[in-house]
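Right, one structure below, let's go through it.
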Amino acid sequence: MNIDLSQFDDLDLNNIGQWPKAAKIILALVLVGFVSYFVYYLLVSDKIVELEREVAQEAKLKEDYQQKYFKSANLELFKEQMEEAEELFAKQVKRLPENHETPGLLDDITFVGTTSRLEFKKLNWQPEIQREIYLELPIDVQVQGSYHDFGEFVSKISGLPRIVTLHDFTISGDKSGSENALILKMQAKTYKYREGK
């Protein structure tokens, strides 16, 4: 099929009705293309972006709904767990020494050490350290004894009725050369709950 291109030479925009059929079809296709592009650009493209945003929002809302549904379905379990946690917290707070009990804690540590056959070289309170919801009360401890006596001492400290944690252990030898010539240096810490924080 041969198309005669000379028919497109003298086209007059004021007389489109007289154009050949092929020129009218090409003009119609070009106009449809332009109109389609502008309709898409002006009306549809913003709607597609808005649709994508709404689809993303729908996915987020579904996820939020699932999380809230899970929480509501397990509300009784969460309440039980919360009550258990509060009960455990209350028990642990009771194990922290009161203000009037902190001096007696040194007596407890001394008793535990002497019953473990240790000789105290140092047992001193250090300045308290404020934390977000509690106070840290450090105690410098230095004792002399045998390695096995140190183990017994540490074991008995963990059995005290009040919470005491042990930190920064160092064991060194004493120059006397006896069996009980080891020196244990460490920091014991107890804690006080800061009410109202």
Side-chain angles (χ1 to χ4, degrees), residues 57 59-197:
Q57 178 72 12
K60 184 183 180 308
L61 290 173
K62 280 182 181 178
E63 185 179 326
D64 289 348
Y65 172 77
Q66 288 174 343
Q67 289 175 356
K68 289 177 182 177
Y69 177 78
F70 177 76
K71 286 179 183 177
S72 65
N74 295 306
L75 185 60
E76 289 303 317
L77 178 63
F78 287 145
K79 284 182 180 178
E80 288 174 17
Q81 289 175 344
M82 183 62 106
E83 288 171 6
E84 288 174 16
E86 287 173 353
E87 195 175 302
L88 179 62
F89 178 73
K91 284 180 184 177
Q92 294 301 328
V93 167
K94 286 180 184 176
R95 289 194 61 209
L96 297 176
E98 300 288 332
N99 285 336
H100 66 279
E101 294 176 315
T102 50
L105 192 57
L106 289 182
D107 293 337
D108 291 344
I109 292 173
T110 304
F111 177 75
V112 166
T114 53
T115 59
S116 299
R117 297 162 304 283
L118 297 176
E119 180 185 336
F120 278 87
K121 299 292 185 183
K122 184 198 278 188
L123 186 64
N124 294 328
W125 286 106
Q126 297 302 308
E128 65 184 31
I129 301 167
Q130 293 193 7
R131 302 291 185 199
E132 188 175 345
I133 61 170
Y134 63 91
L135 294 174
E136 208 172 87
L137 306 169
I139 307 165
D140 274 346
V141 179
Q142 184 175 343
V143 290
Q144 181 177 348
S146 73
Y147 184 79
H148 295 291
D149 295 338
F150 293 158
E152 184 179 336
F153 173 62
V154 168
S155 176
K156 287 181 179 178
I157 290 279
S158 68
L160 289 174
R162 298 297 179 197
I163 295 175
V164 178
T165 59
L166 304 175
H167 307 268
D168 304 326
F169 292 85
T170 58
I171 297 177
S172 57
D174 189 6
K175 295 182 179 161
S176 67
S178 72
E179 181 185 324
N180 291 339
L182 295 175
I183 303 287
L184 170 65
K185 293 180 184 177
M186 66 179 175
Q187 190 173 68
K189 291 181 184 179
T190 189
Y191 307 90
K192 285 196 293 189
Y193 179 59
R194 295 174 66 189
E195 294 190 43
K197 294 292 176 187

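Hydrogens, waters and symmetry mates play no part in the numbers below; they use all other heavy atoms, side chains included. Keep in mind that what you see is a predicted model, and the values were worked out from it rather than measured.
- Here the CD atom belonging to Gln67 is positioned 5.0 Å from the CD atom belonging to Glu63, to the nearest 0.5 angstrom.
- The number of heavy atoms from other shown groups lying within 6.0 Å of NZ (Lys185) does not exceed 12.
- A 6.0 Å sphere centred on NE2 of His148 holds no more than 12 heavy atoms belonging to other residues, nucleotides or ligands.
- Summarising the geometry of Leu166 relative to Ala188, their closest heavy-atom pair is CD2-CB, 3.7 Å, with the distance given to 0.1 Å.
- In terms of the side chain to side chain donor-acceptor pair (under 3.5 Å) criterion, residue partners of Glu119 (sequence neighbours excluded) are, by chain and number, Lys121.
- Minimum heavy-atom separation, Pro138 to Ile129: CG-CD1, 4.3 Å.
- In this structure, CG on Leu105 lies 8.5 Å from CG on Leu137, to the nearest 0.5 angstrom.
- Between Ser158 atom OG and Ile163 atom CD1 the span is 12.0 Å, to the nearest 0.5 Å.
- From Thr170, atom OG1 reaches atom CD of Gln187 across 11.5 Å, with rounding to the nearest 0.5 Å.
- Between Ile171 and Ile183 there is no side-chain heavy-atom pair separated by less than 4.5 Å.
- Between the Thr190 side chain and the Val164 main chain, no donor and acceptor come within less than 3.5 Å of each other.
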Only pairs under 3.5 Å count here: list side-chain donor-acceptor contacts from residues 68-87, not counting sequence neighbours, and write none if there are none.
| from | atom 1 | to | atom 2 | distance (Å) |
| --- | --- | --- | --- | --- |
| Ser72 | OG | Lys68 | O | 3.2 |
| Ser72 | OG | Tyr69 | O | 2.9 |
| Asn74 | ND2 | Phe70 | O | 3.0 |

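- Contact of the Leu184 side chain with the Tyr147 side chain is not registered, since no non-hydrogen atoms from C-beta on lie closer than 4.5 Å.
- Contact check on Glu136 versus Lys192 returns no salt bridge, with no Lys/Arg side-chain nitrogen under 4.0 Å from an Asp/Glu carboxylate oxygen.
- Side-chain contact between Asp140 and Leu123 is absent, with no heavy atoms from C-beta onward closer than 4.5 Å.
- Between the CG atom in Leu135 and the CD atom in Glu128 there is a gap of 4.5 Å [rounded to 0.5 Å].
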>> Pair Phe153, Ile109 - check side-chain contact (heavy atoms from CB on, under 4.5 Å), show working.
In response: CA-CA 9 Å; Phe153 173 62; Ile109 292 173; 4.0 Å; yes
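- Taking CE from Met186 and CD1 from Ile139, the interatomic distance works out to 9.5 Å, rounded to the nearest 0.5 Å.
- Using modelled atom types and a 3.5 Å distance limit, the side chains of Asp149 and Ser146 yield a donor-acceptor pair.
- With Ser155 contributing its side chain and Gly151 its backbone, the two residues share no donor-acceptor pair below 3.5 Å.
- Taking 4.5 Å as the limit, every side-chain heavy atom of Leu182 sits out of range of all side-chain heavy atoms of Ser172.
- Listed by first and then second residue, the ring pair (Phe, Tyr, Trp, His ring centres under 6.0 Å) pairs involving residues 114-143 are Tyr134-Tyr191 (not counting sequence neighbours).
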